[in-house]
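In what follows, a structure is listed as C-alpha cells, so that the remarks can point back to it.
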Amino acid sequence: MDSVFDELYRKYHHDVFQFLFYMVKNKEQAEDLVQEVYIRVLKSYERFEGKSSEKTWLFSIARNVAIDSFRKQKGWKQRILEKFDWSTSQVKDDQPIPEDIAVQNEEIQQIYKCLDQCTVDQRLVIVMRYIHEFSILETAESLGWTESKVKTTQHRALKILKKQMEETIGKEGMESEKIRMER
C-alpha cells in the first residue's frame with residue numbers, strides 16, 4: 001500500500017491541492033483538506049474497485065472533502081460567495097516578461113471574479129475541465145454524474161462566464177472612455 005499511496009501522492013498532490021484551493025479559497029484550509037483527502041484514501045483504498053481511474057476516484061474524494069468542509073462551516077453558502085484573494089495567485093509560465101504577467105494577472109482575476117457568479121456545481125465542472133483538464137467522462141466519474149449533466153452544467157457555466165466577462169469588459173471600456181473624455 002505504501003508504494004501505491006506514494007505514487008498517488010506524487011502524481012496528483014499538486015492537482016488535488018489546486019482543486020481544493022480553488023474551492024475553499026484559502027491556502028491553509030486547502031492544505032488541511034489535502035491531508036483529509038489522503039487520510040480517506042488510506043482508509044478506503046482497499047475498497048477501490050477500479051470502476052474509474054484512480055485520478056477520478058481521488059478527485060471525487062477531494063470533492064466530498066470540500067463539500068464536507070463547507071457543511072461544517074457556519075454560513076458556508078456565504079463563504080462560497082465571497083471574493084477570492086488574488087494577491088496569493090501565481091502565474092505558471094516559466095519566464096514571462098513583466099508585461100505578460102500584468103496582462104495575465106488581470107485576465108485571470110477577471111475570469112475568477114466572474115467564476116464567483118457560478119454555482120458550486122458549475123465551478124466544480126469549470127475547475128475540473130479547464131484547469132485540471134479532465135475529460136467529460138473523467139469529470140462525470142469524479143462527480144458521480146452522467147456525462148450529459150456535466151455537459152449541461154459546463155454549457156450553463158460558460159454562458160454565465162461569457163455574460164459576466166462581456167459586462168466586465170463593457171464597464172471597463174466605458175470607464176476608460178470616461179477618463180479619456182475628462183482629459
Side-chain angles (χ1 to χ4, degrees), residues 1-2 4-45 47-48 52-93 101 104-134 138-145 149-150 153-154 156-158 160-161 164-165 168:
M1 177 62 201
D2 286 341
V4 172
F5 180 81
D6 290 341
E7 183 70 15
L8 279 174
Y9 186 85
R10 185 186 59 74
K11 277 182 171 176
Y12 303 116
H13 172 72
H14 181 71
D15 290 339
V16 169
F17 172 78
Q18 261 190 328
F19 172 74
L20 289 168
F21 183 70
Y22 286 123
M23 294 306 297
V24 298
K25 300 178 180 183
N26 178 289
K27 182 182 177 194
E28 291 78 20
Q29 186 179 8
E31 289 169 348
D32 291 342
L33 294 179
V34 167
Q35 289 181 352
E36 177 63 27
V37 167
Y38 284 104
I39 288 169
R40 290 187 187 186
V41 166
L42 283 171
K43 289 180 179 178
S44 64
Y45 189 78
R47 292 184 307 236
F48 175 61
S52 64
S53 72
E54 288 177 330
K55 178 181 177 183
T56 57
W57 175 69
L58 187 63
F59 273 83
S60 67
I61 291 172
R63 171 188 168 264
N64 291 334
V65 166
I67 289 171
D68 289 349
S69 170
F70 291 146
R71 287 180 181 150
K72 288 177 186 174
Q73 293 176 3
K74 285 187 177 181
W76 66 272
K77 288 182 181 179
Q78 183 60 36
R79 172 96 172 113
I80 292 171
L81 298 175
E82 288 177 0
K83 300 262 185 249
F84 188 83
D85 178 10
W86 292 106
S87 63
T88 60
S89 68
Q90 297 177 358
V91 178
K92 287 187 172 182
D93 291 340
I101 292 173
Q104 286 176 347
N105 280 339
E106 287 177 25
E107 290 172 352
I108 290 169
Q109 286 176 8
Q110 287 176 343
I111 290 169
Y112 286 110
K113 283 179 185 175
C114 293
L115 192 58
D116 283 342
Q117 302 303 311
C118 294
T119 65
V120 173
D121 286 349
Q122 291 168 341
R123 192 180 313 160
L124 281 168
V125 170
I126 294 298
V127 169
M128 289 179 150
R129 293 279 296 129
Y130 295 100
I131 294 172
H132 293 292
E133 299 178 352
F134 276 37
E138 289 173 325
T139 304
E141 289 175 353
S142 293
L143 298 174
W145 295 355
K149 182 173 179 179
V150 171
T153 304
Q154 175 181 310
R156 290 177 180 158
L158 291 175
I160 289 169
L161 289 174
Q164 290 297 318
M165 290 297 292
T168 301

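Of all non-hydrogen atoms in Ala157 and Cys118, the two that sit nearest each other are O-SG, 4.0 Å. Of all the heavy atoms in Val37 and Val65, the pair that sits closest is CG2-CG2, 3.8 Å. Between Glu141 and Ser52, the closest heavy-atom pair is OE1-CB, 3.3 Å. Ala66 and Leu33 get closest at one heavy-atom pair: CA-CD1, 4.5 Å. Closest approach of Val34 and Phe17 over heavy atoms only: CG2-CA, 3.6 Å. Scanning all heavy atoms of the two residues, the minimum distance from Arg123 to Tyr22 falls at CD-O, 4.3 Å.
Ring-plane geometry between Phe19 and Phe59 is classed as perpendicular, the angle between the planes exceeding 60 degrees on a 0 to 90 degree scale with a lower cut at 30. Taking the six-membered ring where the residue is Trp, Phe134 and His132 present perpendicular rings, their angle passing 60° and hence far from 30°. Under the 30°/60° scheme for interplanar angles, the aromatic rings of Trp57 and Tyr45 are found to stand perpendicular.
The structure places CD1 of Ile126 at 13.0 Å from CZ of Arg156, a figure rounded to the nearest 0.5 Å. To the nearest 0.5 Å, atoms CD (Gln35) and CG (Asp32) are separated by 6.0 Å. Remark: Leu124 CG to Arg63 CZ distance equals 6.5 Å, nearest 0.5 Å. Atom-to-atom distance recorded for Lys11:NZ and Leu58:CG is 11.0 Å, nearest 0.5 angstrom. In this structure, Glu133 CD and Glu138 CD are separated by 10.5 Å, a value rounded to the nearest 0.5 Å. In this structure, CD1 on Ile61 lies 9.0 Å from CZ on Phe48, to the nearest 0.5 angstrom.
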List the steps and the verdict of side chain to side chain contact (heavy atoms under 4.5 Å, CB included) for Val120 and Met23.
-> CA-CA 8 Å; Val120 173; Met23 294 306 297; 4.0 Å; yes
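Checking side-chain atoms of Thr56 against main-chain N and O of Ser142 turns up no donor-acceptor pair under 3.5 Å. Within the 3.5 Å criterion, the main-chain N or O of Arg47 finds no donor-acceptor partner in the side chain of Ser44.
At a threshold of 4.5 Å between non-hydrogen side-chain atoms, the residues Thr139 and Gln154 do not count as touching.
Within 6.0 Å of CZ in Arg40 there are more than 12 heavy atoms belonging to other residues, nucleotides or ligands. By the 6.0 Å contact criterion, OH on Tyr9 is open, its count of non-hydrogen atoms from other residues, nucleotides or ligands being 12 or less.
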